[in-house]
Amino acid sequence: KVRDVFSAKRAAGQYIAQVPYGYKRNPADKHKLVLDEEAAAVVRRIYDLAAAGNGYERIAKILTNEQVLTPTAHHGGKSVSPHKRPYDWHYSTVRTILNNEAYLGHTVHGRYTTVSYKVKKVVKIPEEQWVRVKNTHQPIIEQKVWDMVQGIVHKRKRSTKRGAPHIFAGLLRCADCGNTLSNNAKDVFGCWQFRTKGKGNCTNHHITMEQLSAAVLASIRKVSEEIREDKDGFISRLSGIGDRQRQLKIEAAQKERGKTEKRLAEILV
């Protein structure tokens with residue numbers, strides 16, 4: 001029933017998702033969007049930079065160097081931002097902005113869903129099943145600019161010389177800072193944070209494609225051997241990991257609930 005209600009709201013063009021950077025909720029109707037002029041100007045600049053041929057990482061570096069507040073810091077305010085680096089733009093933030101149809105004035109819902117109300121695993125819905133309602137709010141980007149940028153960014157997607165996505169594209173993370181590992185022309189992977197922002201953010205370390213492939217292959221062989229020797233035990237261990245993760249989430253939720261109840265008691269006194 002809840003899903004049916006949300007589906008009806010989507011079909012009516014009501015905005016029920018997180019408000020995209022560049023907009024804010026209309027005070028008169030929380031399901032409608034109005035421009036956030038300051039952020040909208042940054043969105044236009046990002047599209048202009050992309051149209052000029054700059055990639056995600058280059059745009060992120062420009063915004064960082066110019067000390068433009070990130071979307072999170074902008075919404076929270078520089079002085080109250082929980083982030084230590086309110087100007088630290090990441091390429092994934094730029095990518096999200098450059099692929100969001102909301103900036104054309106359209107509302108797009110239903111891109112992701114959960115398996116059920118019991119199973120919270122998020123799954124992606126095929127694009128042809130997305131709910132699109134056009135012209136629901138004021139656009140920030142013109143259609144011709146959007147089309148130009150989409151043509152540029154899709155050509156710049158990571159790929160091999162044969163045109164296929166790299167086998168490890170989007171899968172590698174730095175063990176120290178958790179940021180993406182980027183690949184140079186010689187198939188050497190290094191920390192994106194260090195390469196783009198210097199040693200004040202991470203350290204200079206790298207791994208070659210040969211070393212990475214060998215490590216992955218060794219891991220696959222080890223797991224395969226474990227499954228052959230004790231399939232039931234292996235499944236049991238995996239289940240135990242899942243149970244532990246669920247328990248940690250429950251404990252975190254209980255801790256947060258305790259804080260909320262304590263604060264509520266203080267307010268009501």
Side-chain angles (χ1 to χ4, degrees), residues 6-7 9-83 85-112 124-157 196:
F6 281 127
S7 295
K9 288 184 176 182
R10 294 188 188 107
Q14 295 185 12
Y15 209 93
I16 58 175
Q18 182 179 354
V19 177
Y21 177 67
Y23 290 99
K24 56 186 177 182
R25 293 195 186 277
N26 188 335
D29 185 350
K30 66 178 183 179
H31 296 307
K32 299 294 182 181
L33 301 180
V34 295
L35 290 185
D36 178 342
E37 294 294 349
E38 183 181 352
V42 178
V43 172
R44 295 188 189 98
R45 177 122 196 281
I46 289 173
Y47 274 80
D48 288 343
L49 289 169
N54 294 286
Y56 301 141
E57 292 186 8
R58 174 63 179 164
I59 295 173
K61 188 172 183 179
I62 290 172
L63 297 175
T64 298
N65 291 339
E66 294 180 355
Q67 293 199 327
V68 176
L69 287 174
T70 64
T72 301
H74 171 75
H75 288 306
K78 178 184 175 183
S79 61
V80 297
S81 173
H83 293 265
R85 301 184 180 121
Y87 310 112
D88 193 7
W89 283 76
H90 194 269
Y91 82 91
S92 61
T93 305
V94 176
R95 179 180 60 194
T96 298
I97 291 173
L98 290 175
N99 286 279
N100 194 339
E101 293 181 49
Y103 299 122
L104 289 171
H106 310 325
T107 297
V108 181
H109 285 305
R111 289 178 289 188
Y112 298 90
K124 189 172 182 179
I125 295 177
E127 186 173 349
E128 59 271 15
Q129 296 179 24
W130 294 356
V131 178
R132 282 187 174 90
V133 184
K134 295 190 174 183
N135 305 317
T136 56
H137 51 271
Q138 184 178 347
I140 295 178
I141 303 301
E142 296 180 0
Q143 184 69 52
K144 62 181 180 181
V145 177
W146 168 270
D147 293 338
M148 180 188 302
V149 169
Q150 296 310 303
I152 293 172
V153 298
H154 287 132
K155 287 180 181 179
R156 295 177 65 94
K157 282 186 175 179
T196 58

Just by distance, do the side chain of [X] and the backbone of [Y] share a donor-acceptor pair under 3.5 Å?
| X | Y | value |
| --- | --- | --- |
| Trp146 | Tyr103 | no |
| Asn54 | Leu49 | yes |
| Tyr87 | Ala73 | no |
| Gln150 | Leu98 | yes |
| Asn99 | Arg95 | yes |

Could you tell me which non-hydrogen atom of [X] sits nearest to which non-hydrogen atom of [Y], and how far apart they are?
| X | Y | result |
| --- | --- | --- |
| Arg25 | Lys30 | NH1-O, 2.7 Å |
| Ala60 | Tyr91 | CB-N, 3.9 Å |
| Trp89 | Val68 | NE1-O, 2.7 Å |

Taking the side chain as every heavy atom from C-beta outward, state whether [X] and [Y] have any atom pair closer than 4.5 Å.
| X | Y | value |
| --- | --- | --- |
| Asp36 | His74 | yes |
| Arg44 | Val145 | no |
| Lys24 | Val34 | yes |
| Thr93 | Thr72 | no |
| Leu33 | Pro20 | yes |

When rounded to the nearest 0.5 angstrom, what is the spacing between [atom1] in [X] and [atom2] in [Y]?
| X | Y | atom1 | atom2 | value |
| --- | --- | --- | --- | --- |
| Ile141 | Asp48 | CD1 | CG | 7.0 Å |
| His75 | Thr70 | NE2 | OG1 | 9.0 Å |
| Thr96 | His90 | OG1 | NE2 | 10.5 Å |
| Thr64 | Ile59 | OG1 | CD1 | 11.5 Å |

Exercise. Look at atom CD of Glu38 and say whether more than 12 heavy atoms of other residues, nucleotides or ligands are closer to it than 6.0 Å.
Key: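 No, because the 6.0 Å sphere around CD of Glu38 holds 12 heavy atoms or fewer from other groups.
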Quiz item: Taking everything shown except Glu142 itself, do over 12 heavy atoms lie less than 6.0 Å from its CD?
Solution: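 It does not: Glu142 CD has 12 such atoms or fewer within range.
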Exercise. Report the C-alpha distance between His106 and Asn135 in whole Å, list the side-chain angles of each, state the deciding distance to 0.1 Å, and finish with yes or no for side chain to side chain contact (heavy atoms under 4.5 Å, CB included).
Key: CA-CA 5 Å; His106 310 325; Asn135 305 317; 3.6 Å; yes
Quiz item: Which residues satisfy the ring-ring contact (aromatic ring centres under 6.0 Å, His included) test with Tyr23, sequence neighbours excluded?
Solution: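 With sequence neighbours excluded, Tyr23 shows a ring-ring contact (aromatic ring centres under 6.0 Å, His included) to His137, given in chain and number order.
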Quiz prompt | Residue pair Ile97, Tyr47: steps toward the side chain to side chain contact (heavy atoms under 4.5 Å, CB included) verdict | solution = CA-CA 9 Å; Ile97 291 173; Tyr47 274 80; 4.0 Å; yes
